[in-house]
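Both ligands and their constituent atoms are indexed starting at 1 by order of listing.
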Amino acid sequence: MRITRMSLQYRWRLVFGLIAIFLASGFQLALPILIGSAVDAANGLDDGSFVIANTMAASAVDSTTDIFGGSDNPAKSALIAIAILLFISSVGRGLAAMVQNYMGESIGQNIGYQLRMLYYEKLQRLSFSYHAGVHTGDLITRGIVDVEGVRMFVQTALLRTVFLVVLIGTGMYLMLSEDLVLGLISLSFVPFVAWRATAARLKLRSNWYDLQERLSALTKVMDENLGGIRVVRAFASQKHEMDKFDEASNETLALANVQVGIRASSISLMGVAFMLSMAAVLWVGGLKVIEGELSAGELTQFLAFMSILLQPVRQIGMMINGYARGSATGGRLFAVLDIDPAIQDKPDAQPLEITQGTLEFHNVSFGYEGEHTLNGVSFKAEPGHTVGIVGPPGSGKSTIAHLVPRFYDPIEGHITIDGQDLRDVTLDSLRKAVGVVEQDTFLFTASVEHNVAYGDPWAPDDRVELASKYAQLGDYIERLPGGYDTMVGERGVSLSGGQRQRLSIARSILLKPQLIVFDDSTAAIDAATEQRIRAALTDLTKDRGTIIISHRLSSLMHADEILFIEAGKIVERGTHEELLAQGGHYNDLYELQIRPNEDSRNSQDEGSAS
Ligand code: ADP
């Protein structure tokens with residue numbers, strides 16, 4: 001119903017499509033009547049006898065010499081008139097069918113386009129909580145296969161339903177009203193063919209889905225093999241890999257064979273049923289003609305009707321399959337389109353107004369699924385100040401980083417920037433004001449310049465270069481063969497983990513956000529380079545709030561306040577010196593990470609001194 005309603009917006013195309021349907025049906029149904037009349041007209045020459053062939057041959061010879069010649073033979077004139085009408089009907093039917101198909105396809109393509117855009121737009125807005133729970137591959141399949149299913153429904157089922165109802169309905173009515181018994185025999189193939197065509201189509205469809213799954217498994221095997229080509233070669237596992245591929249490939253072949261089998265057998269069965277009905281009509285009708293109850297032309301008309309109805313009856317299968325597929329794919333698609341994103345702008349959301357740039361967590365608790373990941377977290381990041389967050393893996397450090405740009409909302413408590421609750425401001429303004437440098441960096445297949453300027457494609461070159469220099473990436477980029485125009489990402493130069501992280505830092509600082517969160521974003525960068533980055537950024541961060549999340553103490557020892565977090569709770573807080581003095585977890589970590597290095601450096605110094 002929803003897809004049909006969507007089609008209604010293409011009002012004029014629908015109107016033209018429907019007019020074309022009535023015209024096409026009318027012309028198509030005129031053909032058997034005209035053929036029947038032609039036979040009778042020709043037959044008129046012999047006064048009811050059955051020398052149809054002779055008559056037709058004779059009139060054909062005559063008409064070539066005397067076309068439109070106002071023939072003195074009335075049968076011949078009638079034949080010529082009918083031939084002209086037949087010609088007009090065939091051309092008319094062809095043209096109307098063309099308009100009908102064009103309109104159906106065009107509405108289908110437009111709806112496909114519309115749904116694809118709506119779907120993609122929805123994916124941009126769905127919250128992380130949704131994306132975390134679904135497989136990316138499934139989402140991509142929906143965007144491609146399901147949109148295609150809906151499009152095909154519009155194209156093959158929607159207008160066709162009207163066409164088939166009008167054509168088959170009127171055809172049946174004409175046959176049955178002409179001769180009830182013969183009509184019933186002529187139509188005897190209809191239920192069988194319609195059933196076979198539908199069953200085969202539905203089976204083909206489910207088989208098609210299996211086949212698609214097998215093909216995607218095949219793709220996965222190939223993809224993994226190519227992705228892990230070094231491992232495969234290093235472990236000399238080509239044979240094993242070939243076997244894996246062979247197995248997946250064999251399953252695909254088996255399903256493809258089933259597909260061919262269904263198609264071939266159903267076509268043959270439908271052909272047999274049709275021929276049997278035709279034989280029955282010839283027999284019963286022939287007897288009626290012999291007894292003079294029926295003219296040869298009327299019998300011909302029945303046979304011609306049957307031939308004309310065969311194709312549309314077979315299309316019932318296509319139509320029903322279209323409905324089945326349309327409702328299944330449409331259902332899946334609309335399920336996504338109907339989701340209300342958990343995180344979205346309130347109707348009265350205002351842009352964030354930065355007066356100072358103070359971020360504050362007020363007793364914030366949060367959990368991804370039921371269990372609390374964060375418990376009563378409170379802290380303040382003021383302009384020019386740095387807050388360091390440290391703690392064991394899985395303690396909730398990244399979760400704090402995710403709450404700042406409102407990837408998720410707290411379950412309890414609230415987060416403010418300059419007193420404005422994050423839930424009351426527009427997402428756009430919030431995400432422009434805070435820059436989160438994630439640990440995993442995604443590179444788009446584009447030039448280095450475009451990757452750095454992702455957040456502001458119109459940033460002038462010198463700003464892109466400056467941001468890269470701050471992130472200690474400038475020298476490396478300049479040494480690349482194409483400089484800032486070098487392509488990176490999957491189809492370009494591959495960057496090391498540390499280089500990616502530096503690119504990500506450049507990408508964020510280019511935007512000069514009011515608040516910067518580094519979420520373990522220097523994990524793959526050596527300590528000396530990190531030191532240089534921090535020194536370069538001092539200027540930028542002096543009037544901005546900075547949050548540094550790290551498992552490496554040297555990254556955040558200098559912070560104005562350090563939070564030690566464990567199992568979602570802040571268990572220690574203070575400056576580096578205060579925390580060392582407390583002699584707690586932070587001190588333990590310090591003993592483990594920093595002290596040994598200091599000791600060894602001291603002993604080295606002593607050694608060199610001596
Ligand atoms: P940290 O950054 O300190 O290593 P995280 O904040 O990433 O820790 O994770 C805290 C806890 O939340 C972990 O137990 C982790 O498994 C869980 N977690 C993280 N992200 C998700 C998610 N998207 N869905 C469900 N649980 C998550």
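- Judged by distance alone, the side chain of Q514 and the main-chain N or O of G357 form no donor-acceptor pair under 3.5 Å.
- For ligand 1, the atoms sitting less than 4.0 Å from at least one non-hydrogen atom of Y408 are 23 (N), numbered in the order shown with element in parentheses.
- Between L218 and S249 the shortest heavy-atom distance is CD1-N, 3.4 Å.
- Across E572, E561, M557, a single residue satisfies side-chain contact (heavy atoms from CB on, under 4.5 Å) together with L579, and that is E572.
- Near T373, meaning under 4.0 Å from one of its heavy atoms, ligand 1 places the atoms 10 (C), 11 (C), 12 (O).
- For the residue pair T386 and D560, the shortest heavy atom distance occurs at N-OD2, 2.6 Å.
- Between the side chain of Q472 and the backbone N or O of R502 there is no donor-acceptor pair closer than 3.5 Å.
- The closest approach between G391 and ligand 1 stays at or above 4.0 Å for every heavy atom of the residue.
- The ligand atoms of ligand 1 that sit less than 4.0 angstrom from a heavy atom of K397 are 1 (P), 2 (O), 3 (O), 4 (O), 6 (O), 8 (O).
- The shortest distance between side-chain heavy atoms of N451 and R507 falls below 4.5 Å.
- Near T399, the atoms of ligand 1 lying under 4.0 angstrom from a non-hydrogen atom of the residue are 5 (P), 6 (O), 9 (O), 10 (C).
- At least one protein heavy atom sits closer than 4.0 Å to atom 11 (C) of ligand 1.
- Annotation for R423 and D409: closest pair CG-OD1, 3.6 Å, computed over non-hydrogen atoms.
- Of all atoms in ligand 1, numbered sequentially from 1 with element shown, those under 4.0 Å from a heavy atom of P393 are 4 (O).
- Ligand 1 does not have F366 within reach: every non-hydrogen atom of the residue lies 4.0 Å or more from it.
- Atom 2 (O) of ligand 1 lies below 4.0 Å from at least one non-hydrogen atom of the protein.
- When hydrogens are left out, the protein atom nearest atom 19 (C) of ligand 1 is Y368 CE1, 3.3 Å; that is the closest non-hydrogen contact.
- In terms of polar-atom proximity, defined here as any N/O pair under 3.5 Å, G394 does make such a contact with ligand 1.
- Within ligand 1, counting atoms from 1 as listed, the ones closer than 4.0 Å to a heavy atom of S398 are 1 (P), 2 (O), 6 (O), 7 (O).
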Inset, instruction - Any chance you could lay out the ring-ring contact (aromatic ring centres under 6.0 Å, His included) test for F235 and H240, step after step, and finish with the verdict? - result: CA-CA 10 Å; F235 286 83; H240 169 66; over 10 Å; no

